[in-house]
Protein chains: 2
Amino acid sequence: MTDHNDNFEQDGDLLALESQLCFALYATQLSMSKLYRRLLKQLELTYPQYLVMQVLWQKDHLTVSSIGERLSLDSATLTPLLKRLESAELVRRQRTREDERQVEVSLTDRGSALREKARTLPAEVERASGCSTSEMKALRDQLNALKQNLDRI
Amino acid sequence: MTDHNDNFEQDGDLLALESQLCFALYATQLSMSKLYRRLLKQLELTYPQYLVMQVLWQKDHLTVSSIGERLSLDSATLTPLLKRLESAELVRRQRTREDERQVEVSLTDRGSALREKARTLPAEVERASGCSTSEMKALRDQLNALKQNLDRI
DNA sequence: GGCCATTAAATCGCGCACTATATAAGTTAC
DNA sequence: GTAACTTATATAGTGCGCGATTTAATGGCC
């Protein structure tokens with residue numbers, strides 16, 4: 001609480017920051033990350049690691065770049081992350097025989113099994129977000145549309 | 001481009017990731033960051049640094065924690081960031097006389113002047129986002145509502 | 001005064017996210 | 001077949017963002 005002497009300015013300029021979509025996006029994403037950090041603690045995963053696991057649960061045996069396309073992340077981010085997942089024995093990484101440049105990432109048994117522990121997560125997040133399912137869908141679609149606009153530049 | 005052999009799976013599971021609001025939020029925020037990185041390059045600022053500058057342009061002479069409240073960031077993030085702004089000679093940092101625990105952050109002339117260079121930025125972002133102003137406002141309000149829900153836990 | 005709890009910043013360590021660059025495997029052109 | 005180009009991953013360095021701890025100043029409370 002900043003107690004005094006900055007209330008009379010809140011109508012003019014202070015709102016300038018709060019009026020910005022970009023800041024709302026930034027700050028909301030941080031709040032969402034914090035929620036996930038709490039929920040993912042028991043799985044010993046970070047949110048980006050959880051995203052990679054979700055990708056692999058949907059389709060196993062993907063190359064690094066294929067995971068990268070799905071998440072809009074590149075090898076500089078993914079390689080160390082995947083190494084951490086590997087040392088947690090959730091995935092394996094091996095060069096493909098057909099093309100030795102590529103690295104195929106596959107789930108271990110532990111990695112596959114973790115999916116069951118993660119099943120309750122979406123419901124918990126939805127509860128915490130406090131929006132109706134339709135509101136969440138609408139928001140999601142608007143965000144995806146915005147992202148598409150931002151990416152076409 | 002992943003060319004073949006994973007198109008027939010896109011209806012079932014692949015959409016699970018894309019169906020999630022959280023991922024949309026995450027990915028859109030990354031895209032927005034990329035846009036800002038490009039636009040802020042000429043100002044030699046990162047997006048979080050730009051946020052701090054906006055806060056100070058709105059109200060100068062704030063303590064670290066007061067900036068932190070406005071941006072939902074703590075001293076572990078802000079102290080090094082502010083030191084970078086200081087060494088770029090955009091802000092000054094000095095302990096307040098009344099309470100030596102506090103550090104007051106103030107704009108230098110250079111820091112104030114930078115505001116003029118930043119004036120064109122919001123319009124450029126708005127153009128890139130490709131949404132109407134009313135759409136952006138609606139989206140912003142929904143995000144703020146979501147953030148508020150996420151924070152009350 | 002002296003002790004204790006509280007508060008404000010700073011520090012440490014880790015994990016992204018990204019730019020730029022490197023390495024190495026594959027492909028093309030000649 | 002080899003030089004030139006392209007592609008897939010990895011590495012190096014920077015800057016957040018945060019949990020956990022530390023340091024130092026302040027405010028009671030006796």
Side-chain angles (χ1 to χ4, degrees), chain A residues 1-3 26-38 40-41 43-53 62-69 71-88 91 93-105, chain B residues 1-3 26-41 43-53 62-69 71-88 91 93-105 151:
Chain A
M1 287 309 118
T2 57
D3 33 47
Y26 169 83
T28 307
Q29 203 277 322
L30 286 189
S31 290
M32 187 66 86
S33 287
K34 277 170 211 173
L35 170 62
Y36 267 102
R37 207 186 328 276
R38 218 157 42 73
L40 286 171
K41 207 171 183 179
L43 305 190
E44 295 185 277
L45 288 177
T46 65
Y47 184 62
Q49 288 168 11
Y50 173 61
L51 288 178
V52 170
M53 293 305 289
L62 293 173
T63 62
V64 174
S65 53
S66 174
I67 295 172
E69 277 167 34
L71 300 178
S72 308
L73 295 173
D74 75 348
S75 70
T77 301
L78 285 175
T79 297
L81 187 157
L82 289 168
K83 285 185 177 177
R84 280 186 283 273
L85 289 180
E86 189 180 38
S87 64
V91 307
R93 298 182 325 125
Q94 52 195 0
R95 298 269 165 194
T96 63
R97 227 159 306 234
E98 318 89 69
D99 186 342
E100 288 281 344
R101 291 169 304 178
Q102 297 187 112
V103 169
E104 186 184 275
V105 182
Chain B
M1 288 305 119
T2 57
D3 33 47
Y26 169 83
T28 307
Q29 203 278 321
L30 287 189
S31 290
M32 187 68 85
S33 287
K34 276 170 211 174
L35 170 61
Y36 267 103
R37 207 186 328 276
R38 214 157 46 71
L39 298 177
L40 287 170
K41 206 171 182 178
L43 305 190
E44 295 186 276
L45 288 177
T46 65
Y47 185 60
Q49 287 167 12
Y50 173 61
L51 287 179
V52 169
M53 293 304 289
L62 292 173
T63 62
V64 174
S65 54
S66 173
I67 295 171
E69 277 167 33
L71 299 178
S72 308
L73 294 173
D74 75 348
S75 68
T77 300
L78 286 175
T79 298
L81 188 157
L82 289 168
K83 285 184 178 178
R84 279 186 285 272
L85 289 181
E86 188 179 39
S87 64
V91 307
R93 300 183 320 125
Q94 52 195 1
R95 299 269 164 192
T96 62
R97 226 160 308 232
E98 318 89 69
D99 185 342
E100 288 281 346
R101 291 170 303 180
Q102 295 186 122
V103 169
E104 186 184 275
V105 182
D151 288 345

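Labels below follow one simple rule: chain letters A, B, ... track the order of the sequence lines, proteins then strands, and each chain is numbered from 1. Bear in mind the structure is a predicted one, so any value in this text is a computation, not a measurement. Every heavy atom of this structure was used, including side-chain atoms; hydrogens, water molecules and symmetry mates were not.
- Whole-Å rounding puts the B:Met32 CE to C:dA17 C1' distance at 17 Å.
- Side-chain contact check for A:Leu35 versus A:Arg38: some heavy-atom pair is nearer than 4.5 Å.
- When DNA chain D is scanned in the 5' to 3' direction for atoms under 4.0 Å from non-hydrogen atoms of chain A, the outermost contacting nucleotides are D:dT7 to D:dG19.
- In the helix from C:dG1-D:dC30 to C:dC30-D:dG1, the end axes, each obtained as the rotation axis mapping the C1' atoms of four pairs onto the next four within a five-pair block, lie 0° apart to the nearest 10 degrees.
- For the atom pair CD of B:Gln94 and CD of B:Gln102, the computed distance is 12.5 Å after rounding to the nearest 0.5 Å.
- For A:Arg101 and C:dA25, the CZ to P distance is 10 Å, given to the nearest whole Å.
- Within the model, atoms CG of B:Leu71 and OG of B:Ser66 stand 9.5 Å from one another, a figure rounded to the nearest 0.5 Å.
- Residues A:Glu86 and A:Val105 fail the side-chain proximity criterion, which asks for heavy atoms closer than 4.5 Å.
- Regarding contacts with the backbone of C:dC18, every side-chain N or O of B:Ser33 stays at 4.0 angstrom or more from both OP1 and OP2.
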**Item:** Verdict with reasoning, B:Asp151 to A:Lys34, per side chain to side chain contact (heavy atoms under 4.5 Å, CB included)
**Value:** CA-CA 9 Å; B:Asp151 288 345; A:Lys34 277 170 211 173; 6.0 Å; no
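- Close to C:dA17, at under 4.0 Å from its OP1 or OP2, lies a side-chain N or O of B:Tyr26.
- Nucleic acid contact for A:Glu104: none, since no nucleic acid atom lies under 4.0 Å from a heavy atom of the residue.
- A close approach under 4.0 Å does not occur between any side-chain nitrogen or oxygen of B:Thr63 and OP1 or OP2 of C:dA8.
- Here the NZ-OG1 distance, from B:Lys41 to B:Thr46, works out to 14.0 Å after rounding to the nearest 0.5 Å.
- B:Gln102 has its CD atom 15 Å from the C1' atom of C:dA10, to the nearest Å.
- Here the CG-CG distance, from B:Leu81 to B:Leu73, works out to 8.0 Å after rounding to the nearest 0.5 Å.
- Straight-line distance from the CD1 atom of B:Ile67 to the C1' atom of C:dA9: 12 Å, rounded to whole Å.
- Toward the 5' end of DNA chain D, the nearer of the two residues B:Arg97 and A:Asp99, judged by each one's closest nucleotide, is A:Asp99.
- Across the protein-nucleic acid pair, A:Leu40 atom CG and C:dC16 atom P stand 11 Å apart, rounded to whole Å.
- Along DNA chain C, the nucleotide closest to A:Thr46 and the one closest to A:Glu98 are compared, and the more 5′ of them pairs with A:Thr46.
- Using a 4.5 Å heavy-atom cutoff, the side chains of B:Leu45 and B:Val52 are not in contact.
- Rounded to the nearest 0.5 angstrom, A:Arg84 CZ and A:Glu44 CD are separated by 14.5 Å.
- Taking 4.5 Å as the limit, every side-chain heavy atom of B:Leu30 sits out of range of all side-chain heavy atoms of A:Ser72.
- Within the 4.5 Å cutoff, the side chain of B:Gln29 has heavy atoms near those of the A:Tyr26 side chain.
- Within 4.0 Å of A:Arg93, counting heavy atoms only, lie sugar-phosphate atoms of the nucleic acid but no base atom.
- Following rounding to the nearest Å, A:Leu71 (CG) and C:dA17 (P) show an atom-to-atom distance of 10 Å.
- Contact between the side-chain N/O atoms of B:Arg95 and the OP1/OP2 oxygens of C:dA9 is not found at any separation under 4.0 Å.
- Only B:Leu73, B:Ala76, B:Thr77, B:Leu81, B:Arg84, listed by number, bring a heavy atom of residues 73-85 of chain B to less than 4.0 angstrom from any atom of DNA chain D.
- Using a 4.5 Å heavy-atom threshold, the side chains of A:Lys83 and A:Arg93 count as touching.
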